[in-house]
Student: 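Can you read through this structure? Questions will come right after.
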Amino acid sequence: MPINQPSNQIKLTNVSLVRLKKSGKRFEIACYKNKVQEWRNGVETDLDDVLQISNVFTNVSKGEVAKANDLQKSFGTTDVHAVVKEILKKGEMQVGEKERAHELGNLWREIATQVAEKCVDPATQRPYPVGMIEKAMSEAGFSVRQGKGAKSQVLECIKLLQTASTLPIQRARMRVRVTVPAVDIEQLKTRILEGAEKIENEDTGQEDWVATLLIDPGQFRIINEILQKEVRGKGRIETLSFAATAAT
């Protein structure tokens with residue numbers, strides 16, 4: 001005699017899961033790959049195009065559908081449509097091992113590329129190839145954090161390379177133009193030039209002192225604060241290039 005599958009079980013394969021834990025219970029929905037992010041970004045608005053099946057599960061892999069009384073206790077409603085929307089909005093994407101490895105690999109390469117764009121060899125003032133940056137990242141034991149963008153991990157990576165790898169590396173300098181009213185030159189010039197690694201050009205006119213400087217990116221905020229505080233908007237600092245290299 002055949003064994004019938006329980007009525008609250010539905011088998012699904014090749015799905016992308018979104019999971020939300022609420023009131024001590026786990027709820028999952030089965031979605032098409034790539035559609036969850038499109039829905040969250042407002043690109044996709046039709047839930048039928050997001051969900052593989054319009055239902056809420058306690059365990060998609062086992063095909064176990066959430067009971068109505070559990071939905072009521074946890075979400076205050078048995079309206080599956082409303083529950084699905086909340087899970088889509090607040091839930092966490094569950095990524096398979098192969099997909100996770102692929103995403104981490106892409107994130108690793110993106111971080112390495114951005115580090116290569118922002119840094120140089122201190123001796124030559126020239127950028128390193130991305131491959132050398134990746135090798136140094138491995139040597140330093142850098143670990144990519146999934147869920148955080150590449151941009152937010154770049155500075156951390158640079159600091160680690162500077163302390164834990166054998167690769168000599170420094171941030172590429174910013175080339176900026178600083179303009180200060182002539183009447184304030186005596187008061188501010190020394191303080192501004194303290195933050196410069198190189199003065200490429202300076203000119204003192206009747207109304208303004210203008211200087212082109214190479215600075216560490218961290219000095220930009222400091223110089224800008226000096227100008228805002230001391231000359232109240234009459235002076236300014238402008239970025240000419242974000243990753244300048246010193247002329248040799």
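Source: prediction; values computed, not measured.
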Student: Between A82 and T77, which heavy-atom pair has the shortest distance, and what is it?
Tutor: CB-CG2, 4.4 Å
Student: Would you please say whether a donor-acceptor pair under 3.5 Å links the side chains of Q162 and Q170?
Tutor: no
Student: Show every ring pair (Phe, Tyr, Trp, His ring centres under 6.0 Å) that has at least one partner inside residues 58-94, sequence neighbours left out.
Tutor: F27-F75
Student: Mind checking salt bridge (charged side-chain N to carboxylate O under 4.0 Å, His left out) for D70 and listing every partner two or more places apart, or none if nothing turns up?
Tutor: K25
Student: Would you check if M137 and I111 make a side-chain contact, meaning some heavy-atom pair closer than 4.5 Å?
Tutor: yes
Student: Starting from the C-alpha separation in whole Å, work towards a yes-or-no answer on side-chain contact (heavy atoms from CB on, under 4.5 Å) for R19 and V60.
Tutor: CA-CA 10 Å; R19 179 182 297 161; V60 167; over 6 Å; no
Student: Tell me whether E28 is salt-bridged to R26, with the criterion being a basic N under 4.0 Å from an acidic carboxylate O.
Tutor: yes
Student: Is it true that the side chains of E139 and T166 contain a donor and an acceptor less than 3.5 Å apart?
Tutor: yes
Student: Might you point out which heavy atoms bring L161 and A140 nearest each other, and give the distance in Å?
Tutor: CD2-CB, 4.1 Å
Student: With heavy-atom distances below 4.5 Å as the criterion, would you say the side chains of V56 and V65 are in contact?
Tutor: no
Student: Measure the spacing between SG of C157 and NZ of K118 and express it to the nearest 0.5 Å.
Tutor: 12.0 Å
Student: Just do the side-chain contact (heavy atoms from CB on, under 4.5 Å) check on L213 and M174 with the steps written out, would you?
Tutor: CA-CA 8 Å; L213 313 172; M174 294 177 68; over 6 Å; no
Student: Any chance you could measure T190, atom OG1, to I185, atom CD1, to the nearest 0.5 Å?
Tutor: 11.0 Å
Student: Could you pull out all residues at least two apart from R109 that satisfy side chain to side chain contact (heavy atoms under 4.5 Å, CB included)?
Tutor: N106, E134
Student: Check this for me, if you would: do E86 and K22 make a salt bridge, where the nitrogen-to-carboxylate-oxygen distance has to be below 4.0 angstrom?
Tutor: yes
Student: Do the side chain of S165 and the main chain of L167 share a donor and acceptor less than 3.5 angstrom apart?
Tutor: yes
Student: Would you mind listing every salt bridge (Lys or Arg N to Asp or Glu O under 4.0 Å) that reaches into residues 211-229, with sequence neighbours excluded?
Tutor: R173-D216, R221-E225
Student: At what distance, to the nearest 0.5 angstrom, does CD1 of I226 lie from CG of L188?
Tutor: 7.5 Å
Student: Testing the 3.5 Å rule here: is there a donor-acceptor pair between the side chains of N59 and S61?
Tutor: yes
Student: Is V154 close to Q114 at the side-chain level, that is, under 4.5 Å between some pair of heavy atoms?
Tutor: yes
Student: I need the R236 CZ to T179 OG1 distance, nearest 0.5 Å.
Tutor: 4.0 Å
Student: Should S16 and M93 count as side-chain neighbours, where that means a heavy-atom distance under 4.5 Å?
Tutor: yes
Student: Do C119 and I158 come within less than 4.5 Å of each other through their side chains, counting heavy atoms only?
Tutor: yes
Student: Can V50 and E44 be said to form a side-chain contact (heavy atoms from CB on, under 4.5 Å), step by step?
Tutor: CA-CA 8 Å; V50 177; E44 181 60 71; 3.6 Å; yes
Student: Using the salt bridge (charged side-chain N to carboxylate O under 4.0 Å, His left out) criterion, which residues pair with K73? Sequence neighbours excluded.
Tutor: none
Student: Do F142 and L104 belong to the same hydrophobic cluster, where Ile, Leu, Val, Met, Phe, Trp and Tyr are linked whenever their side-chain heavy atoms lie under 4.5 Å apart, directly or via other members?
Tutor: yes
Student: Indicate yes or no for a side-chain donor-acceptor contact from Y128 to the backbone of V115 under 3.5 Å, with no hydrogens or angles considered.
Tutor: no
Student: Does the pair E230/R191 count as a salt bridge with the N-to-O cut at 4.0 Å?
Tutor: yes
Student: Can you check whether G149's main-chain N or O pairs, donor with acceptor, with S152's side chain at less than 3.5 Å?
Tutor: yes
Student: State the NZ-CG distance between K234 and L227, to the nearest 0.5 angstrom.
Tutor: 13.0 Å
Student: Does the side chain of D121 come within less than 4.5 Å of T124's, by heavy atoms?
Tutor: yes
Student: Keeping to residues at least two apart or across chains, list the salt bridge (Lys or Arg N to Asp or Glu O under 4.0 Å) pairs with something in residues 154-170.
Tutor: R145-E156
Student: Identify whether the distance between the nearest side-chain nitrogen and carboxylate oxygen of E238 and R177 falls below 4.0 Å.
Tutor: yes
Student: For W209 and E202, which heavy atoms make the closest approach, and how far apart are they?
Tutor: NE1-OE1, 2.9 Å
Student: Any side-chain heavy atom of I29 within less than 4.5 Å of one from L51?
Tutor: yes
Student: Atom CD of residue position E92 - does it have more than 12 heavy atoms of other residues, nucleotides or ligands inside 6.0 Å?
Tutor: no
Student: side-chain contact (heavy atoms from CB on, under 4.5 Å), that's the test. Do E200 and L214 meet it? Break it down for me.
Tutor: CA-CA 7 Å; E200 291 193 326; L214 284 182; 3.8 Å; yes
Student: Is any side-chain heavy atom of I199 closer than 4.5 Å to one of L193?
Tutor: yes
Student: For the CD atom of Q52 and the SG atom of C31, what is their distance to the nearest 0.5 Å?
Tutor: 8.0 Å
Student: With hydrophobic residues grouped by side-chain heavy-atom distances under 4.5 Å, do I192 and I222 end up in a single group?
Tutor: yes
Student: Where do V176 and T239 come nearest, in terms of heavy atoms and distance?
Tutor: CG1-CA, 4.3 Å
Student: Within the distance-only criterion (no hydrogens, no angle test), does the side chain of N224 pair as donor or acceptor with the backbone N or O of F220 below 3.5 angstrom?
Tutor: no
Student: Quick one: do I237 and V231 end up in the same hydrophobic cluster if we chain Ile, Leu, Val, Met, Phe, Trp and Tyr together by side-chain heavy atoms under 4.5 Å apart?
Tutor: yes
